[in-house]
Amino acid sequence: MERGNTKQEILDAALELFSVKGFEATSLSTIADTVGIRKASLYSHFENKQAILDALVKDVLEQYAAHSIFAGAAPEKPAGEDGEHALTPDTAAQMIQGQIGYILHDPHISKARKMLLIEQFQNPELAKLQTKQNYTDVLQHFTGLMKHLIRQGVLMEDEPEIMAAQFCLPISVWINLCDREPEREPEAMELIEKHIRQFFKVYGK
């Protein structure tokens, strides 16, 4: 029986294992056994475990950049705006909830995020990536968005970075809650919507 793309199967198996056991605790033998190949065969695709991790990180970052609204600074016309119409609480809630759904349910992004959580205290490079993906990029995006909405007269003028932190960091806590307790996602989504609406009520003009 002819196998499919063995290299991709190795990557998929490694990501699954890394997201549960962590990178350091997962051996090449375990990855090979999960795929159903000999360890020697694995070396024809990757020279070592680090090469597998590097390929996974590259793949996940590319996917994240292609689909995430948080990958970099806010654009000139933030997602959710149409023509001259400013971002509203309704469109903001829809945009954020859609992004959270992607983060929680895309299998590669979800597993990669869990891998980073496990490895952040053991692997300095993954710790840096965890900070970038889950703090720096998110805060940068929302700081840009706050500046834009202040310029548009949608929000009152205040310190954009603090406004961004007040807006996005509580949402990060709800995402982490859903990772631990997936059954609470509807509750978290409802709280996120209320949080967004209250933010616009407090800062809106």
Side-chain angles (χ1 to χ4, degrees), residues 3-28 30-32 34-35 37 41-81 92 94-145 148 164 168-169 171-172 174-176 178-179 182 185 192:
R3 299 188 60 81
N5 186 336
T6 303
K7 186 172 184 178
Q8 187 59 52
E9 290 176 358
I10 292 169
L11 290 173
D12 290 343
L15 181 58
E16 176 69 32
L17 291 164
F18 293 165
S19 71
V20 175
K21 301 174 66 175
F23 174 75
E24 296 296 339
T26 301
S27 68
L28 284 174
T30 302
I31 296 171
T34 301
V35 177
I37 60 176
S41 300
L42 188 149
Y43 284 115
S44 66
H45 299 281
F46 296 98
E47 61 180 328
N48 52 37
K49 192 168 66 167
Q50 184 63 48
I52 295 175
L53 179 63
D54 291 344
L56 280 173
V57 169
K58 179 177 182 293
D59 181 53
V60 169
L61 288 179
E62 287 174 354
Q63 290 188 49
Y64 187 77
H67 296 97
S68 177
I69 63 172
F70 305 143
E76 280 300 310
K77 186 183 292 182
E81 290 203 9
Q94 184 179 22
M95 176 183 71
I96 298 300
Q97 288 176 319
Q99 181 65 23
I100 292 171
Y102 164 68
I103 287 171
L104 290 176
H105 298 293
D106 181 273
H108 284 85
I109 298 301
S110 176
K111 290 173 186 176
R113 191 176 66 260
K114 291 172 184 175
M115 176 185 72
L116 291 179
L117 285 171
I118 293 171
E119 290 298 318
Q120 63 183 316
F121 301 112
Q122 303 181 80
N123 186 313
E125 290 304 313
L126 292 185
K128 290 177 184 177
L129 182 59
Q130 164 78 339
T131 299
K132 181 179 185 299
Q133 293 294 107
N134 295 297
Y135 177 76
T136 307
D137 283 356
V138 174
L139 193 59
Q140 180 184 17
H141 174 88
F142 281 107
T143 298
L145 179 59
H148 178 87
C168 71
L169 296 185
I171 295 173
S172 297
W174 282 310
I175 292 173
N176 291 336
C178 292
D179 279 337
E185 183 179 339
I192 287 167

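Note that this is a predicted model, so its numbers are computed, not measured.
- Minimum interatomic distance between Thr26 and Lys49 (heavy atoms only, all atoms of both residues): O-NZ, 2.7 Å.
- Other residues, nucleotides and ligands contribute over 12 non-hydrogen atoms within 6.0 Å of the CD atom of Gln63.
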Between Glu9 and Asn5, is a side chain to side chain donor-acceptor pair (under 3.5 Å) present by the stated rule, with each step listed?
CA-CA 6 Å; Glu9 290 176 358; Asn5 186 336; over 6 Å; no

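- The distance from atom CD1 of Ile171 to atom CD1 of Ile100, rounded to the nearest 0.5 Å, is 5.5 Å.
- Within the 4.5 Å cutoff, the side chain of Thr34 has no heavy atoms near those of the Ile10 side chain.
- The structure places CD1 of Ile37 at 7.0 Å from OG of Ser44, a figure rounded to the nearest 0.5 Å.
- Between the CH2 atom of Trp174 and the CD1 atom of Ile96 there is a distance of 12.0 Å, given to the nearest 0.5 Å.
- Nearest heavy atom pair, residue His108 against residue Val60, reads O-CG2, 4.3 Å.
- The heavy-atom pair separating Ile109 from Ile103 by the smallest distance is CG2-O, 4.0 Å.
- The side-chain heavy atoms of Leu129 and Leu61, taken from C-beta on, include a pair separated by under 4.5 Å.
- The shortest side-chain heavy-atom distance between Leu53 and Glu125 does not fall under the 4.5 Å cut-off.
- Contact of the Leu28 side chain with the Ile52 side chain is registered, since non-hydrogen atoms from C-beta on lie closer than 4.5 Å.
- For Ile118 against Ser19, the heavy-atom pair with the smallest separation is CD1-O, 3.2 Å.
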Show your reasoning for whether side chain to side chain contact (heavy atoms under 4.5 Å, CB included) applies to Thr136 and Lys128.
CA-CA 10 Å; Thr136 307; Lys128 290 177 184 177; over 6 Å; no

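- Listed by chain and residue number, Phe18 satisfy the ring-ring contact (aromatic ring centres under 6.0 Å, His included) test with Phe23 (two or more places apart in sequence, or in another chain).
- Within 6.0 Å of CD in Glu47 there are 12 or fewer heavy atoms belonging to other residues, nucleotides or ligands.
- We find the NZ-CG distance between Lys111 and Asp12 to be 7.0 Å, quoted to the nearest 0.5 Å.
- Contact between Ala164 and Phe142 at its shortest, heavy atoms only, is CB-C, 3.6 Å.
- Using a 4.5 Å heavy-atom cutoff, the side chains of Val138 and Asn134 are not in contact.
- Looking at heavy atoms from C-beta onward, Lys21 lies in side-chain contact with Thr30 at the 4.5 angstrom threshold.
- Remark: the backbone N or O of Leu117 is paired with a side-chain donor or acceptor of Gln120 at under 3.5 angstrom.
- Taken to the nearest 0.5 Å, the OG1 atom of Thr131 stands 11.0 Å off from the CG atom of Leu126.
- In terms of heavy atoms, Glu185 sits closest to Cys178 at CA-SG, 3.6 Å.
- For the ring-ring contact (aromatic ring centres under 6.0 Å, His included) test, residues two or more places apart in sequence or in another chain that qualify with Tyr102 are His67.
- Atoms CG and CE, on Asn123 and Met115 in that order, are 9.0 Å from each other to the nearest 0.5 Å.
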